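This report refers to the structure that appears directly beneath it.
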Amino acid sequence: MSTATLAAASLNLEPANESGMDQLLEIAMGPQHPSTHGVFRMNVVLDGERVVRLKPVFGYLHRNHEKIAENETYLGSMPYTDRLDYMCPLTNNWAYALAVEKLAGIQVPERAEYLRVITGELTRLQNHTCLIGFLMQDMGASGTPLMYAFRQREIILDLFEALTGARMMCNYMRFGGCRVDLPAGWLDQAKKVVAGFPRFLDEYESLLVSNEILMDRTQDVGVLSKELAISAGISGPMARASGVDYDIRKVDHYSIYDRFAFRVPLGSHGDVYDRFMIRLLEMRESVNILQQAMRDIPEGPIVDPKTKIRGFRPKPGEAYGRIEGPKGELGFYLVSDGSPNPYRYRVRPPSLINLTILEDLCLGRNVADIVVILGSIDIVMGEVDR
Amino acid sequence: MDEKLKTELSKQGIFTTSLQELYNWGRTSSIWPLNFGLACCAIEMIATTMARYDLARFGAEVFRPSPRQADLMIVAGTVTKKMAPQVVRLYNQMPEPKYVISMGACAISGGPFKQGYNVLKGIDRYIPVDIYIPGCPPRPEALIDAFMELQKKIDAQQLTGENRPRHLNADEPSEFIVPQFGEHDLEPTRNSSIWEPPLVQIAQTGSDESGSH
């Protein structure tokens, strides 16, 4: 822990204007910036090298997702959900399908639930690997960690492509099930990929976890307290890194998650290093879930035969479906007035809500830390701006 | 120069070339793209540079964060009306010769989000686009194909004459109008020197012989 105390000592929180130099500098980071994870802009006020104020500017990727969905049929919005958080389309599909199933009271067959868990957890694996790669890229380790992450991502994308026909925009879930059944040999291939994943994680960990530069740059940087995490509505790995024991897979028992034995890793410091470690540990748990799910998957139908695909009109009412997405609580709130398209369609994006505390984490830190803190929050602008 | 003489000389260890070939060879083999992603397509753009697809084989792995050092802009993703001025400004900041790849359905025409009130219906309304790649998002292979098409295009350009690149033509503008956020829409809504809405021509029955079949 010597590095941690060193980092704390070097963070001098006294104002630096004793020499009469009290000029503040305002800079705009983004929307075109190599490390803002898309088109995100931060108006940062600096005192020397330290952040005095930070104002995020959103909306550079506002693609009118919600308004378009209100004019689409229920099923017509499914491909749009792929493009929300474009790193993990399958979990977006799942959350939306869950909301509509709640609204219309549709039951999902057993095999479809397993398929959802398998594809969802594979999505979590590829999201977390890529996130860590991008975080390292932001820290200056350009190349190697991201190359490793994308190598692994391609292997998982091959599985998605074989199953759904698309690498990124899968459009796989349907109300009351899934679109297609597993092709021949898919499960064996997936088992191989999952069995090989811990080896990749070991490699990744040995490369990164005890790296001195990484520890210096991340430990005690961007500390999010447990209280702030709860009061700001932070969810997902970000909240768990601050020690909030809140995993919707355990809280809601949605789908069939209570059949699997898995643990929820918790952090204790809430700094960038914890957020990085949480993701590594979560991937190991996902591998656990995947192995159990692929062992137990039953035969049977993959979609509820009673669900209407055409002319789908749920009864008037409202529903909120949420899942534990790779980034946090991903929810869809739908209001139906009995017509073929939703009256109100609202997304609860984990990226946006996790991003709201960015200024709190960055105040008093150096400019270079902003990039690392932002990288550890794990945002995707498609979801933030929608 | 005679091709036979050229091969004969190369056997003797003498390499001859024209200035144009040398110039184009240099430009085709080191296209530096601007490190600039807008939306989903940017992820596929990154995937293209990674190990499996390895854009470095085409001399194009050097993604520059500054437009001042870039030759190629890959418009990778949905251009919203809030972002369009910045995209055009970045293009204006790039030094000549510069090229544009319009990657994905959104950058070409607005794609699935075309009906959105905040989405620009194609970046070619404001900047000249050299290569379009359809797809949502296009696969990395498609982006590599676009690179190869662009290389062919650069290779075919001549230093003089009609087919010379834009920057060697004094009449061609190197900067384009940066749209401003107006009261209702971007102003101007298009750069009419490079883009006009397609005209639908309705053939008069009987009056035109060539139009009938």
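Excluded from the calculations below are hydrogen atoms, water molecules and symmetry mates; all remaining heavy atoms, backbone and side chain alike, are included. In what follows, every chain begins at residue 1, and chains take the letters A, B, ... in the order their sequences are listed. Fair warning: this is a prediction, and the values are worked out from it, not measured in the lab.
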CA sep, side-chain torsions, deciding dist, call: B/Gln115, A/Lys67, side-chain contact (heavy atoms from CB on, under 4.5 Å): CA-CA 10 Å; B/Gln115 44 183 319; A/Lys67 197 69 205 166; over 6 Å; no
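- The distance from atom CG of A/Leu146 to atom OG1 of B/Thr49, rounded to the nearest 0.5 Å, is 7.5 Å.
- Nearest heavy atom pair, residue B/Thr80 against residue A/Tyr60, reads OG1-O, 2.7 Å.
- Within 6.0 Å of atom OH in A/Tyr343, 12 or fewer heavy atoms from other residues, nucleotides or ligands are found, so the atom counts as exposed in its surroundings.
- Of the two parts of B/Tyr53, only the side chain, counted from C-beta on, holds a non-hydrogen atom closer than 4.5 Å to a non-hydrogen atom of chain A.
- Here the closest heavy-atom approach between residue B/Pro65 and residue A/Gln32 is recorded as O-NE2, 3.0 Å.
- When each of B/Thr78, B/Leu34, B/Val79 is scored by its heavy-atom pairs under 4.5 Å with chain A, the top score falls to B/Thr78.
- Residue A/Gln137: no heavy atom, backbone or side chain, is found under 4.5 Å from chain B.
- When each of A/His62, A/Arg153, A/Met169 is scored by its heavy-atom pairs under 4.5 Å with chain B, the top score falls to A/His62.
- Taking SG from A/Cys130 and CD1 from B/Ile43, the interatomic distance works out to 7.5 Å, rounded to the nearest 0.5 Å.
- Here A/Asp158 is the residue among A/Asn71, A/Asp85, A/Asp158 with the most heavy-atom pairs under 4.5 Å with chain B.
- In this structure, B/Arg57 places its CZ atom where more than 12 heavy-atom neighbours from other residues, nucleotides or ligands lie under 6.0 Å away.
- Between A/Arg63 and B/Val119 the shortest heavy-atom distance is CA-CG2, 4.1 Å.
- Summarising the geometry of A/Met147 relative to B/Ala51, their closest heavy-atom pair is SD-N, 3.7 Å, with the distance given to 0.1 Å.
- For A/Trp186, the CH2 atom sits in a packed shell: over 12 heavy atoms of surrounding residues, nucleotides or ligands are nearer than 6.0 Å.
- Annotation: A/Lys55, atom NZ; neighbour count of heavy atoms from other residues, nucleotides and ligands within 6.0 Å does not exceed 12.
- A/Glu72 touches chain B through its side chain: at least one heavy atom from C-beta onward sits under 4.5 Å away, while N, CA, C and O do not.
- Scanning both residues, B/Cys40 and A/Met168, for their nearest heavy atoms gives O-CE, 3.6 Å.
- B/Met83 CE to A/Asp385 CG: the interatomic distance, rounded to the nearest 0.5 Å, is 11.0 Å.
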Candidate pair A/Asn64 and B/Phe113, rule side-chain contact (heavy atoms from CB on, under 4.5 Å), full reasoning: CA-CA 8 Å; A/Asn64 331 115; B/Phe113 297 96; 5.7 Å; no
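- Shown here for B/Lys82 and A/Phe58, the closest heavy-atom pair between the two residues is NZ-O, 2.6 Å.
- In this structure, B/Glu196 places its CD atom where more than 12 heavy-atom neighbours from other residues, nucleotides or ligands lie under 6.0 Å away.
- Residue B/Lys153 qualifies as enclosed at atom NZ: its count of foreign heavy atoms under 6.0 Å is above 12.
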